[in-house]
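Down below is the structure, laid out as structure tokens.
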Amino acid sequence: MSLARNQPRGSGTEAAGWRHAWVRFWFTPSDPFGLHVLRVLTAALMLAWLAPLAGHVDDFLGLGGWVDVRAYQELSPTPNDPGMIDPRGWSLLFLLGENPTLLHACYWGVVAAAGLYLLGLFVRPISIVMWVAAASFSANPIIEIDTDVYLRIATFYLMIGYVFMGQSAARLPWWRRLLAPTDYFLFRRPDLDVPGSTAATVALRLWQIHFALLIVVSGLHKLQLPEWWTGVALWYIFNPAATATPESLTAWSGPRFTINISMMSLAAYAMLAWQIMFPAFAWRAGWGRWLLLGGAAVGALGLLMIFPIPLLGPTFFVACLGFVAHEDAGRWRLVLERLWPAARRLPGNFSAATAGIAPTAAASAGRR
Amino acid sequence: MSLDRKPNVPTWVMVAASLAIGWHLLAVLIGALDAPSGPWHTPMGPQRFDPPAFAFQIAEHLTLPYAQVIKIAGAYRFESNRLEAPDVQVEARVRDASGKVIAQQRLPDPSAPAQVRYRQQMLVYWLQFDRPLPPPQSVLLAPTGGEMPRARWWEPDGERRMRLIQDDANAVPRNRPVMEPTPSAFKLASAYARHLCRRHGGDRAEIVRLYREPVPPTVLFQEQPPTVDELRGFQANYGDLPK
């Protein structure tokens with residue numbers, strides 16, 4: 001917010017300043033290329049999330065699985081027991097009952113939809129399917145893992161972005177407003193002159209604020225746990241109770257033990273500081289970018305290598321990418337153009353040809 | 001590349017969107033605050049404490065229905081943050097009506113993919129919770145026309161072994177501390193037993209919980225490293241749970 005020097009300060013001027021800052025933050029159109037990148041990555045994560053469940057669909061997802069109908073009822077809160085399941089939770093899988101055929105059909109349908117989402121086909125309805133699937137498939141809080149939470153958030157904001165993006169375009173057929181069949185096709189030549197999208201800005205800003213809150217709260221939660229205060233949290237990753245033996249423990253003792261435990265406590269506190277101070281650098285250019293992406297990369301690599309949830313690392317990194325997807329989308333687009341010169345020679349705008357709209361007019365009509 | 005840097009949406013759209021954004025972020029923020037904290041160490045043992053009253057009231061009366069629909073407003077207090085966690089595993093034996101073992105299962109399954117194995121680990125994680133069972137203060141009588149109240153508790157069954165006893169509430173030992181599985185943990189174990197019986201066509205399933213304490217780094221300051229016997233876990237047998 002800035003004020004002209006010779007303007008008297010007053011509450012009206014300050015209010016106008018805040019208003020302009022709000023409008024600038026939320027409604028300035030931005031290059032939607034960053035949103036498309038996040039969509040592709042999130043779709044890939046969805047496929048990686050769904051793939052391991054292929055042989056365990058009945059166990060995890062069905063009402064005939066580990067947690068059946070009776071368990072859903074019994075595990076609801078009572079006056080004497082806080083319970084495990086919120087009876088007000090929903091899932092579209094509940095409509096399938098205990099029918100394994102329908103359950104498997106639904107599962108494979110969602111896998112196919114994730115593939116289409118990655119390719120950028122029929123993105124508008126499929127973005128809704130992706131969020132509903134992420135919410136429905138992770139309805140059981142007993143076996144919920146961190147990745148489920150991240151994917152629900154990511155798919156929700158991508159849905160917001162794609163449902164509203166391009167709706168203000170004039171002369172758009174109703175079926176394209178509804179389906180966007182090839183508007184965001186992955187192998188479509190990226191336009192150089194792309195009008196900005198306010199919907200993309202809103203979606204990305206919501207993504208950023210929500211994930212910032214998640215990271216901070218998760219960091220603050222760690223402060224409720226003694227292993228993080230004492231700095232020995234990482235010790236338990238390297239020495240899990242399941243595999244600890246006298247020999248494995250003895251290997252840690254010796255002259256290097258003090259150095260090792262000190263480095264682990266330093267790393268634990270660095271993680272805490274990075275998480276709790278996250279909003280202070282996440283939106284900054286320059287050193288903030290390096291700290292954001294560097295920390296995200298180190299965290300993702302660490303999670304991938306030593307944490308029992310291999311998908312959490314990449315998911316975490318994609319969540320952090322949302323903080324650069326807004327400002328740096330244009331730079332990514334140029335990098336893509338340089339890496340893929342053949343893109344310049346691809347056939348012209350398929351969708352524009354179908355709609356009978358000249359490419360230039362189509363680009364300026366805000367379809368993307 | 002040229003971008004129109006000025007907002008190009010009508011004012012009424014910006015106002016409506018701003019209200020929606022404000023509402024949504026309020027629901028997300030309150031969802032993060034409206035969660036019990038802890039467990040904190042107290043003279044009565046580890047206890048959870050209620051969320052702040054303002055967050056609870058706003059959630060209950062305002063934002064909770066919306067948060068439950070969108071399913072993205074959570075507390076973000078991930079169980080994965082608890083790294084000083086015990087190792088909990090389950091061995092299950094499915095029996096037919098004649099008592100013959102027709103299937104065995106171990107959770108987490110070492111041969112399952114990592115993500116599946118972690119979800120199995122989450123399932124058995126919730127079976128670890130026991131709580132003290134206070135003995136009855138006097139002899140209990142059955143209500144007129146009713147049945148005697150029953151109780152279930154862990155009874156020692158060898159070294160580092162326990163077996164779940166379900167009996168008349170008056171049979172609860174009064175001369176020593178007694179632990180029972182939390183109601184939710186027992187119901188979860190029963191649900192898993194039902195699932196195994198459905199899958200393998202069994203009549204009942206014996207569920208055994210294997211538990212190993214986490215090993216803190218302070219053990220390395222001892223004169224001798226822990227022995228195999230000291231690292232050995234505990235077994236708690238729920239017994240045969242029906243289909």
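Just so it is clear, the structure is predicted and the values come from calculations on it, not from any experiment. Proteins come first, then strands; the chains are lettered A, B, ... in the order of their sequence lines, and each starts at number 1.
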Worksheet entry | side-chain hydrogen bond (donor to acceptor under 3.5 Å, both in side chains) between B:H195 and A:D59, intermediate numbers included | CA-CA 8 Å; B:H195 166 66; A:D59 289 345; 2.9 Å; yes
Worksheet item: Heavy-atom distance under 4.5 Å to chain A: side chain of B:S18, backbone, both or neither?
Response: both
Worksheet, complete the sentence: If one checks every heavy atom of B:P216 against chain A at 4.5 Å, the contacting part turns out to be both
Fill in: Proximity breakdown for B:R194 and chain A, heavy-atom pairs closer than 4.5 Å
side chain
Fill in: Between CD1 on residue A:I237 and CG on residue B:L83, distance to nearest 0.5 Å
4.5 Å
Practice prompt. Identify the heavy atoms of A:V217 and B:A32 that sit nearest to each other, and give their distance.
Written response: CG2-CB, 4.0 Å
Worksheet item: Can you say whether B:S80 sits under 4.5 Å from chain A via the side chain, the backbone, both, or neither, judging by heavy atoms?
Response: both
Worksheet item: Do you know which two heavy atoms are closest between B:Q68 and A:W90, and how far apart they sit?
Response: O-NE1, 3.1 Å
Worksheet item: Measuring heavy-atom distances to chain A, does B:L123 have an atom under 4.5 Å in its side chain, in its backbone, in both, or in neither?
Response: both
Practice prompt. Begin from the C-alpha positions of A:E144 and B:M122 and carry the test side-chain contact (heavy atoms from CB on, under 4.5 Å) through to its verdict.
Written response: CA-CA 8 Å; A:E144 180 179 87; B:M122 290 305 299; over 6 Å; no
Practice prompt. With a 4.5 angstrom heavy-atom cut-off, could you sort out which part of B:I70 is near chain A: side chain, backbone, both or neither?
Written response: both
Worksheet item: Does atom CZ of A:F164 have more than 12 heavy-atom neighbours, drawn from other residues, nucleotides or ligands, at distances under 6.0 Å?
Response: no
Worksheet entry | Shortest non-hydrogen contact between B:P214 and A:A241, atoms and distance | CA-CB, 3.9 Å
Discussion item. Once you measure the plane-to-plane angle for A:F156 and B:H24, does it fall in the parallel (<30°), tilted (30-60°) or perpendicular (>60°) bin?
Written reply: parallel
Practice prompt. Counting only heavy atoms closer than 4.5 Å, note whether B:Q224 contacts chain A via side chain, backbone, both or neither.
Written response: neither
Discussion item. Tell me if the centroids of the rings in B:F221 and A:F257 come within less than 6.0 Å of each other.
Written reply: yes
